[in-house]
Each structure stands twice: as C-alpha cells, then as structure tokens.
J.: 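My questions all concern the structure below.
For ligands, and for the atoms within them, numbers begin at 1 and follow the listed sequence.
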Amino acid sequence: MDLTELRGKYIEAVAKAADESSLEEVRLAALGKKGEISLLMATLGKMSPEERKSQGAALNVLKTEIDAALRAKKQGLADAALNERLKSEWLDVTLTSRPRPMGTIHPVSQVMDELTAIFADMGFSVAEGPQVESDWYNFDALNIPPEHPARQEHDTFFMHRAEGDDRPPHVLRTHTSPVQIRAMTEKGAPIRVIAPGRVYRMDMDQTHTPMFHQVEGLCIDRDISMANLKWVLEEFCRAFFEVDKVELRFRASHFPFTEPSAEVDIRYSNVGGQLRIGEGDKWMEILGSGMVHPKVLQAAGVDPNEWQGFAFGVGIDRITMLKYGIPDLRSFFEGDLRWLRHYGFSALNMPDLPGGLSR
Ligand code: DAH
C-alpha cells in the first residue's frame, strides 16, 4: 500500500473542492465509515504486531493530515462565501459630497481686485479709511462746510451721540473721498493712491442701495494736470472693460473738492436687459473727477503752492454691472446662492494684467 500516493490524491482533491458539498464527498471518500483510509485502518487487525505498529502510526499521521486539510479548506470556503455575501449586500451609507464644495468670489470683490491690479500697474498703492467717519473728514476737509448744499445731497446716515454731547455726530461715510485727506495727512506729497471700499447713503430704488462701493483715486505731484487725469481714466477704462471699443464722454461738472471738475459717462446699450459696453445710444455716468481744490490740499497739510493733482471717484457697482452684464444692482446684495454661482468668480484666479483680468 502506497501511503504517499494516497496522501497526494486526497490533498489534491481537497484543494480542488470548489464548495462545501464536494468537500464533504472528499471527506466521505477518505475518512467516512466506508472511506479508503477507514477501510485501511480496519485491516490493521489482521497484521502482525510489527507491521501493525509501523502501518498504524503511518495511517494515523495520514488521517490527521487529511483531516486538518479538510478543516482548513472548510474554513476557507466559509470565509469566501461570507465575503461574497458581504460584497453583494454592501450598502453605501456615506453622504455624497456637495457638487460644488468651493464658494465663489462676489463680482464686486472681483472688480476691486481687477482695478487694484490696473492701478498698481500705474504706480498707485491702496489706501484705507474707516466706514464710520467724522463729519470733518467726510465733509469739512473736502471743502463742504456745514451750510453747504452738497451736505443735503448726500442723504447721510448719522451715528448716535450720547445725551448732552453736542459735538457733531459721526457719519457713515457717504463717499471714499475722506480717504484722500487721511492718505495725504499720513504720507504727504507726492502721493498716488486708490481707496476702494463701502459707502452709505439713505437711498433705495432700482439703481440705488443704502450701501454701495466706490474707488477713490488721488494723484498729487508738482506738475500733474487735467491731461494726466484724462489719460489715466481712459487707460483704466480700456484695461478694465477688456474690449477694444470703449467710448467715454467728459462733461464739465461741479464738486466742492475739485476745480475744475468733470463727470465721465460711458457708452452702452441695453437690449432685453443685456448690458453691452461700447455700443448703443445710452450713456451711464461712472465717475466724478477733477483737479484737487487748494483748500483740500491745505486741510491735509499739503502746500497748494508746491503741489497739485487730480482725484476721481468711481462707482464700483456700476462698472461691475456694465462689465459683467448684470442688469439689477439690488441683486448684488441679496446673497442669492444661485446668483452667486452664476456671476461669481473662481477663488483661485487672482486678476493680473499679463494673465488677463477676468479669466
Ligand atoms: N465723492 C464724489 C461722490 O461720491 C465722487 C467724486 C467726484 C470723487 C469727484 C472725486 C472727485 O475724487 O474728484 O459723489
């Protein structure tokens, strides 16, 4: 009897068994009551004691080995069956991620970044001032004394003063012009700054909101003229609107803080609520400007006999509407997520001149 051959036969059969029932068949064939190994065991009784001793031990080893192989295979088949079942019964209970995990940059913030890039290229740095401003900075220093009619035109929000405190109340700044005074007082002349930011007026209709945005510009040096002003504004508009055709109209105007003064309109069309720049027969006023009044320089400690220059104030919301074809000003401030997704900008595209402002 060749046990090695027997061993090989059953170990191979165990390995080949693909499921529990064929494994059971192998077990019965080897170790069942009528199994091959069991029948061999039964023949031991007829052997001589020496033969029985050696064959008995060898058979026991073989029996144990096949039994172990059967158990291991059975466990393996059970594990595989469980894995199969787990796979087929798997359920995804995780929450799907939001389709757009990143927020967007508001068009007004985008435009502030764009105009900062344009003016930086022309040597202007960014200046800031407070939104709650003293009436001296907001009015007096800008040559708007208390009885000046321009004060009434500004629809000012006044801050509260304590009972018995009769100093003039602070105001929510009605324009970014007070930053001119702060910047000149702090840095002196020559100076070249812009000051973008929020301003407030008590006004609310289709084209006015109580809070809106302006960017102030100020350029003071020894021989700055109206011609420099015109060039800077035209250059700014060309770069900003990113279209070949931009048509500006300079109109003589009046502001207490500039002399002479000019307002600038830009040509646009409105077809079915779609705003287009550089075409059509409509004009939108986008900025006020002029040569800084000597009294304004004086108020900021700059000698008007030595220094002169220009200033301008641009309505940021308006140029944003024009550039990006946004028909309603009020939608800027509603915080409607659908609107922000439509008109918003990617946070990772910082505007710069060489790369294009609004990619
Ligand atoms: N501050 C003016 C306003 O809010 C705008 C303005 C006009 C600013 C002329 C200027 C300027 O700097 O020179 O209506």
Side-chain angles (χ1 to χ4, degrees), residues 115 119 124 126-131 133 135-145 148-157 171-185 189 191-203 207-221 224-234 236-237 248-266 284-300 302 304 307-319 329:
L115 54 88
F119 281 111
F124 288 73
V126 173
E128 284 181 314
Q131 294 176 44
E133 188 56 284
D135 80 331
W136 187 81
Y137 277 109
N138 196 80
F139 294 121
D140 298 78
L142 290 162
N143 194 29
I144 315 175
H148 198 287
R151 284 217 183 192
Q152 272 62 58
E153 284 158 27
H154 274 222
D155 303 313
T156 312
F157 285 108
V171 300
L172 288 181
R173 68 178 182 194
T174 58
H175 50 180
T176 44
S177 301
V179 186
Q180 289 186 31
I181 308 297
R182 291 183 175 274
M184 280 191 284
T185 306
I191 189 171
R192 232 184 278 183
V193 289
I194 57 164
R198 294 180 167 180
V199 301
Y200 302 84
R201 289 186 202 178
M202 230 185 301
D203 210 347
T207 52
H208 296 89
T209 48
M211 186 279 287
F212 57 105
H213 302 84
Q214 289 187 336
V215 58
E216 195 76 12
L218 175 70
C219 172
I220 303 292
D221 211 320
I224 295 293
S225 72
M226 201 80 180
N228 299 122
L229 168 66
K230 189 158 183 279
W231 182 86
V232 164
L233 292 177
E234 281 175 345
F236 164 70
C237 287
L248 298 182
R249 184 170 76 178
F250 285 74
R251 263 185 302 110
S253 182
H254 175 263
F255 298 101
F257 31 89
T258 46
E259 180 61 35
S261 306
E263 281 176 306
V264 176
D265 308 327
I266 193 160
M284 190 186 285
E285 183 195 321
I286 57 167
L287 66 91
S289 63
M291 298 301 291
V292 178
H293 197 290
K295 283 191 180 167
V296 172
L297 295 174
Q298 234 155 17
V302 170
W307 306 99
Q308 63 181 33
F310 63 77
F312 57 85
V314 184
I316 290 184
D317 312 273
R318 287 188 172 189
I319 61 172
L329 171 71

J.: Salt bridge or not for Asp155 and Arg201, using N-O below 4.0 Å?
T.: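 No, no charged N to carboxylate O under 4.0 Å.
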J.: Within the 4.0 Å heavy-atom shell around Thr258, which atoms of ligand 1 are there?
T.: 13 (O)
J.: If we only consider heavy atoms of Gln214, is any one of them less than 4.0 Å away from an atom in ligand 1?
T.: yes
J.: Given Phe255 and Glu263, is the side chain to side chain contact (heavy atoms under 4.5 Å, CB included) satisfied, shown in steps?
T.: CA-CA 10 Å; Phe255 298 101; Glu263 281 176 306; 3.8 Å; yes
J.: Between Arg182 and Glu133, does a side chain to side chain contact (heavy atoms under 4.5 Å, CB included) hold up when you go through it step by step?
T.: CA-CA 11 Å; Arg182 291 183 175 274; Glu133 188 56 284; 2.6 Å; yes
J.: Atom 2 (C) of ligand 1: which protein heavy atom is closest, and how many Å away?
T.: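 Answer for atom 2 (C) of ligand 1: Phe257 CZ, 3.8 Å.
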J.: Between Ala311 and ligand 1, does any nitrogen or oxygen pair lie at a separation below 3.5 Å?
T.: yes
J.: For ligand 1, which atoms sit closer than 4.0 Å to a heavy atom of Gly290?
T.: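 So the answer, numbered in order with elements, is 13 (O).
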J.: Measuring from atom OG1 of Thr207 to atom CZ of Phe212, what distance do you get when rounded to the nearest 0.5 angstrom?
T.: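 Interatomic distance, Thr207 OG1 to Phe212 CZ, rounded to 0.5 Å: 10.5 Å.
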J.: So if I apply the side chain to side chain contact (heavy atoms under 4.5 Å, CB included) rule between Ile191 and each of Asp221, Val302, Leu218, which one comes out positive?
T.: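 One option only clears the test, and that one is Leu218.
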J.: Of the protein's non-hydrogen atoms, which lies at the shortest distance from atom 8 (C) of ligand 1, and what is that distance?
T.: Gly313 N, 3.3 Å
J.: Please list the nearest protein heavy atom to atom 7 (C) of ligand 1 with its residue and the distance rounded to 0.1 Å.
T.: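 The answer is Gly288 C, 3.4 Å.
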J.: Can you list the ligand 1 atoms lying under 4.0 Å from a non-hydrogen atom of Ser289?
T.: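 Those qualifying, in numeric order: 7 (C), 9 (C), 11 (C), 13 (O).
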J.: Heavy atom to atom 3 (C) of ligand 1, shortest distance: which of His293, His154, Glu216, Arg201 holds it?
T.: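 Shortest heavy-atom distance from atom 3 (C) of ligand 1: Arg201.
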J.: Short list, please: which atoms of ligand 1 are under 4.0 Å from a heavy atom of Phe255?
T.: 7 (C), 9 (C)
J.: Any ion pair linking Asp135 and Arg151 (charged N to carboxylate O, less than 4.0 Å)?
T.: yes
J.: With only distance considered, is Phe312 within less than 3.5 Å of ligand 1 through an N or O on each side?
T.: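 Such a contact does occur with ligand 1.
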J.: Do Thr174 and ligand 1 have an N or O pair less than 3.5 Å apart?
T.: no
J.: Are Leu172 and Pro210 close enough that some pair of their side-chain heavy atoms sits under 4.5 Å apart?
T.: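 SC-SC contact between Leu172 and Pro210 ruled out.
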J.: Any nitrogen or oxygen of Ser177 lying under 3.5 Å from a nitrogen or oxygen in ligand 1? Just yes or no.
T.: yes
J.: Taking the six-membered ring for Trp, are His175 and Phe257 parallel (under 30°), tilted (30 to 60°) or perpendicular (over 60°)?
T.: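 Judged by the thresholds at 30° and 60°, the geometry between His175 and Phe257 is perpendicular.
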J.: Check step by step if side chain to side chain contact (heavy atoms under 4.5 Å, CB included) holds for Val232 and Cys219.
T.: CA-CA 10 Å; Val232 164; Cys219 172; over 6 Å; no
J.: List ligand 1 atoms under 4.0 Å from Gln180, heavy atoms only on the residue side.
T.: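 Those atoms are 12 (O).
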